[in-house]
**Q** 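Let me give you the structure first, and then I'll get to my questions.
Whatever order the structure lists ligands and atoms in, that order sets their numbers, starting from 1. In this chain, numbering begins with 1 at the start of the sequence shown.
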Amino acid sequence: MTITRRNFLRRAAAGGTAAVAACATLAPAGAEARENLKVPDNAVGLLFDGTLCIGCKACMSACKEVNNLPLEDTIGEKLWDTPLELSGKTYNVIKVYQSGTMETKDKAENGFAHIKRSCLHCADPSCVSACPVSAMTKDKQTGIVGYDKDACIGCRYCVAACPFGVPQFQYDTPKPEIAKCQLCKHRMAEGKFAACAEVCPTGATLFGPYKALSAEIDRRRAMKPGELAEFPRRTPDSGDMHEKAAPQYVDYVYGQKDAGGTQVRYLSGVAFDRLALPMGLPERAFAADSETMQHTLYGGMILPVVALAGLVTAAWRGSKNHHDDDDFDMFDHPEGGHK
Ligand code: SF4
Ligand code: SF4
Ligand code: SF4
């Protein structure tokens, strides 16, 4: 494994965590563990249903357009936008799991499946907790995790702390920023919503209130596989429905509880351990653990940066079962992979 920026930070953090463990034994008694933060009552989010995605990538183009992001050429033709992963130029990418002959959609063996990668807008975000200058913030009403480029000092703690590998540092620009989806909050002032959901022709990406999306998730999971069913486009209440045979979903809603829960959630016909999302994350948010530790250490007058390092390491340990290095596209499954 090569030493990458994130690996360096992780290893540095591992040293910090050892210090945390040592210091915690000396910390004052009575420090109370804080609970996971909850999704706000008026939270908004996305539902990505991989069984509806046709891989057209209209959502990727729309995301670039509304966020003024440049094309990313990964095949040397300088004509097309061809990002393979999230990057400083790409907030949203559709990836393809593929196995064997790839004959059947949403089948793990000799099949293929789609997955969307973008910020999950965590209920209790590690990036917000790790940021020392509050450049990353969670809106109290909508729960959207936003980024303030003017407040950012470029420390990249958020990059290292995110258990989903989302925030990206713009290394190749003179004034680098952190790149990540902000759920198109800049469009909401104009009465618009997430561009990726607006353009999706099948409703695979759906935007709406968290509660309405929860009801839609429950409705879909109660469908009888194979029976004709209706699926809304854009938002759950758009009334613009299309019909299709109900799929066989795997019995897991990704983002419901992972790392404390997220406002972007996923349904899939293929087990999530085949897709580019880290599995095995704890239900307790890393931020809840690290801030409990941080408060304990403040009480003992020990440098808070040591606790910050603990958060990074906790996030890494939580996701290391899934991928051994920085990039999800380095993940190899014995019976399939994705690109
Ligand atoms: S626009 Fe919709 S169907 Fe097309 S790739 Fe994006 S999520 Fe899939
Ligand atoms: S997915 Fe990562 S960047 Fe997005 S809110 Fe969660 S911790 Fe922050
Ligand atoms: S919500 Fe907006 S910024 Fe986020 S992935 Fe969709 S189009 Fe891109």
Side-chain angles (χ1 to χ4, degrees), residues 37 39 44-69 83 86 89-96 105 113-131 135-139 142-147 156-169 178-188 192-208 231 233-234 242 244 254-255 258-266 277-278 281 285-287 290 311-312 314-315 318-319:
L37 299 181
V39 171
V44 293
L46 296 175
L47 167 60
F48 177 78
D49 184 335
T51 69
L52 295 179
C53 181
I54 55 173
C56 68
K57 303 194 175 181
C59 55
M60 291 172 59
S61 298
C63 182
K64 290 255 156 139
E65 189 177 337
V66 303
N67 289 295
N68 293 317
L69 293 168
L86 298 178
K89 298 173 181 168
T90 298
Y91 297 173
N92 176 41
V93 66
I94 297 291
K95 302 189 73 167
V96 185
K105 179 162 163 53
H114 297 102
I115 190 76
K116 174 177 169 31
R117 296 278 289 119
S118 57
C119 176
L120 286 84
H121 295 272
C122 300
D124 195 344
S126 296
C127 59
V128 172
S129 180
C131 180
M136 288 284 180
T137 52
K138 185 165 179 71
D139 187 275
T142 63
I144 291 174
V145 177
Y147 167 69
R156 287 164 278 152
Y157 284 169
C158 58
V159 175
C162 174
F164 302 103
V166 167
Q168 304 289 317
F169 189 67
I178 296 294
K180 82 163 200 77
C181 157
Q182 298 185 63
L183 213 53
C184 283
K185 65 175 185 166
H186 64 296
R187 286 163 51 85
M188 289 179 194
K192 297 177 181 170
F193 57 92
C196 53
E198 187 177 273
V199 301
C200 180
T202 65
T205 299
L206 210 59
F207 171 86
F231 296 88
R233 296 183 178 91
R234 300 188 296 279
H242 71 107
K244 155 181 192 303
Y254 194 91
D258 308 78
T262 62
Q263 292 175 213
V264 174
R265 287 169 289 171
Y266 300 80
L277 289 167
L281 297 176
F286 296 125
S290 74
L311 186 148
V312 173
S319 60

**Q** Treating Q263 as the side-chain partner and T142 as the backbone partner, does any N or O pair qualify as donor plus acceptor under 3.5 Å?
**A**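 Such a contact is found between Q263 side chain and T142 backbone.
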**Q** Starting from atom 3 (S) of ligand 1, which protein heavy atom do you reach first, and at what distance in Å?
**A**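 Ranked first by proximity to atom 3 (S) of ligand 1 is I54 N, 3.4 Å.
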**Q** For atom 6 (Fe) of ligand 3, what is the nearest protein heavy atom, given as residue, atom name and distance?
**A**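 Looking at atom 6 (Fe) of ligand 3, the protein heavy atom closest to it is C196 SG, 2.3 Å.
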**Q** Below 4.0 angstrom from a heavy atom of A194, which ligand 3 atoms are there? Numbered from 1 as shown, please.
**A**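 Taking each heavy atom of A194 in turn, ligand 3 has 1 (S) under 4.0 Å.
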**Q** Among all protein heavy atoms, pick out the one at the shortest distance from atom 5 (S) of ligand 1; state its residue, atom name and that distance to 0.1 Å.
**A**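 Here the nearest protein heavy atom works out to K57 N, 2.9 Å.
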**Q** Which ligand 1 atoms are under 4.0 Å away from a heavy-atom of C59?
**A**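 Heavy-atom distances to C59 below 4.0 Å select 1 (S), 5 (S), 6 (Fe), 7 (S).
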**Q** Checking only N/O/S atoms, does H121 have one that is under 2.8 Å from atom 4 (Fe) of ligand 2?
**A**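 Not a single backbone or side-chain N, O or S atom of H121 is under 2.8 Å from atom 4 (Fe) of ligand 2.
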**Q** Closer than 4.0 Å to some heavy atom of N67 - which atoms of ligand 3 meet that?
**A**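 So the atoms of ligand 3 that pass are 3 (S), 8 (Fe).
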**Q** Kindly give the heavy-atom pair with the smallest separation between C184 and A195, and that separation in Å.
**A**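 Heavy atoms of C184 and A195 come nearest at SG-N, 3.5 Å.
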**Q** Mark up the atoms of ligand 1 that fall under 4.0 Å of a heavy atom belonging to G55, in ascending order.
**A**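 Result: 5 (S), 8 (Fe).
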**Q** Would you mind listing which atoms of ligand 2 come within a distance below 4.0 Å of any non-hydrogen atom of P167?
**A**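 It comes down to these atoms of ligand 2: 3 (S).
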**Q** So which atom in N92 and which in S118 form the shortest heavy-atom distance, rounded to 0.1 Å?
**A**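 Closest pair (atom of N92, atom of S118, distance): OD1-CB, 4.1 Å.
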**Q** Identify, by atom number and element, the atoms of ligand 1 in contact range of F48, meaning under 4.0 Å from any of its heavy atoms.
**A**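 Listed by number with element: 7 (S).
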**Q** Restricting to non-hydrogen atoms, name the atom on C181 and the atom on C119 that form the minimum distance, rounded to 0.1 Å.
**A**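 That would be O-CB, 3.7 Å.
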**Q** Can you see which heavy atom on V166 is nearest to which on R117, and at what distance?
**A**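 So the two residues come closest at CG2-NH1, 4.3 Å.
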**Q** Should you measure from each heavy atom of F164, which atoms of ligand 2 turn up under 4.0 Å away?
**A**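 Listed by number with element, the hits are 1 (S).
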**Q** For C122, take its heavy atoms, then give the atoms of ligand 2 lying under 4.0 Å from any of them.
**A**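 Those qualifying, in numeric order: 1 (S), 5 (S), 6 (Fe), 7 (S).
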**Q** Which ligand 2 atoms, with their elements, are less than 4.0 angstrom from a heavy-atom of S126?
**A**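 Those of ligand 2 that fall under 4.0 Å from S126 are 7 (S).
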**Q** Walk me through whether F231 and T202 qualify under side chain to side chain contact (heavy atoms under 4.5 Å, CB included).
**A** CA-CA 8 Å; F231 296 88; T202 65; over 6 Å; no
**Q** Atoms of ligand 2 less than 4.0 Å from K180 heavy atoms?
**A**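 Here the atoms of ligand 2 in question are 3 (S).
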**Q** Closest heavy-atom contact between G55 and H114?
**A**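 Heavy atoms of G55 and H114 come nearest at CA-NE2, 3.6 Å.
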**Q** Could you list which atoms of ligand 1 come closer than 4.0 Å to a heavy atom of C200?
**A**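 Going through ligand 1 atom by atom, the ones under 4.0 Å from C200 are 1 (S), 2 (Fe), 3 (S), 7 (S).
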**Q** What are the atoms of ligand 3, with element, lying closer than 4.0 Å to any heavy atom of N92?
**A**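 In order of number, 5 (S).
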**Q** Going by the atom numbers of ligand 2, which of them fall below 4.0 Å from some non-hydrogen atom of L120?
**A**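 That gives atoms 1 (S), 4 (Fe) of ligand 2.
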**Q** So, 2.8 Å as the limit: is an N/O/S atom of C127 located closer than that to atom 8 (Fe) of ligand 2?
**A**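 Coordinating: yes.
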**Q** Which ligand 2 atoms does V145 reach within 4.0 Å, using its non-hydrogen atoms?
**A**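 Ligand 2 atoms under the 4.0 Å threshold to V145: 5 (S).
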**Q** Under the side chain to side chain contact (heavy atoms under 4.5 Å, CB included) rule, what do T262 and F164 come out as? Steps first, then yes or no, please.
**A** CA-CA 11 Å; T262 62; F164 302 103; 4.1 Å; yes
**Q** Where does M136 meet ligand 2, judged by heavy-atom distances below 4.0 Å: at the side chain, the backbone, both, or neither?
**A**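 None of M136 does.
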**Q** Working to the nearest 0.5 angstrom, can you tell me the gap between K57 NZ and I54 CD1?
**A**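 Those atoms lie 12.5 Å apart.
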**Q** Would you find a donor on one side and an acceptor on the other, under 3.5 Å apart, between the side chain of R265 and the backbone of L47?
**A**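 Such a contact is absent between R265 side chain and L47 backbone.
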**Q** Which pair of heavy atoms, one from V128 and one from M136, lies closest together, and at what distance?
**A**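 What the structure gives for the nearest pair is CG1-O, 3.6 Å.
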**Q** So does P278 get a backbone contact from the side chain of Y254, meaning a donor-acceptor N/O pair under 3.5 Å?
**A**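 Pair found, side chain donor or acceptor close to backbone of P278.
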**Q** Working to the nearest 0.5 Å, report the span between NE2 of H186 and CG of N68.
**A**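 Those atoms lie 7.5 Å apart.
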**Q** Could you tell me the residue and atom name of the protein heavy atom closest to atom 7 (S) of ligand 1, and the distance to it rounded to 0.1 Å?
**A**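 Among all protein heavy atoms, the one nearest atom 7 (S) of ligand 1 is T205 OG1, 3.3 Å.
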**Q** May I ask whether L183 has any heavy atom positioned less than 4.0 angstrom from an atom of ligand 3?
**A**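 Judged by the 4.0 Å heavy-atom criterion, L183 does count as contacting ligand 3.
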**Q** Any donor-acceptor pair under 3.5 Å linking the side chain of K116 with the backbone of C59?
**A**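 Looks like no, no N/O pair under 3.5 Å.
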**Q** Starting from atom 2 (Fe) of ligand 3, find the nearest protein heavy-atom neighbour and note its residue, name and distance.
**A**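 The protein heavy atom lying closest is C184 SG, 2.2 Å.
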**Q** For ligand 3, which atoms have a heavy atom of K116 less than 4.0 angstrom away?
**A**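 Per the distance check, 5 (S).
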**Q** Applying side chain to side chain contact (heavy atoms under 4.5 Å, CB included) between L86 and each of K180, K95, Q168, report the one that passes.
**A**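 Of the listed options, the one satisfying the test is Q168.
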**Q** For ligand 1, which atoms have a heavy atom of T202 less than 4.0 angstrom away?
**A**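 Counting atoms of ligand 1 from 1, those under 4.0 Å from T202 are 3 (S).
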**Q** Return yes if some donor-acceptor pair links the side-chain N/O of K138 with the main-chain N/O of C122 below 3.5 Å, else return no.
**A**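 Between the backbone of C122 and the side chain of K138 there is a qualifying donor-acceptor contact (under 3.5 Å).
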**Q** Among all the protein's non-hydrogen atoms, which is closest to atom 4 (Fe) of ligand 1, and how far away is it?
**A**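 For atom 4 (Fe) of ligand 1, the nearest protein heavy atom is C56 SG, 2.2 Å.
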**Q** For atom 8 (Fe) of ligand 3, find the nearest protein heavy atom and state the residue, atom name and distance (0.1 Å precision).
**A**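 The answer is C63 SG, 2.3 Å.
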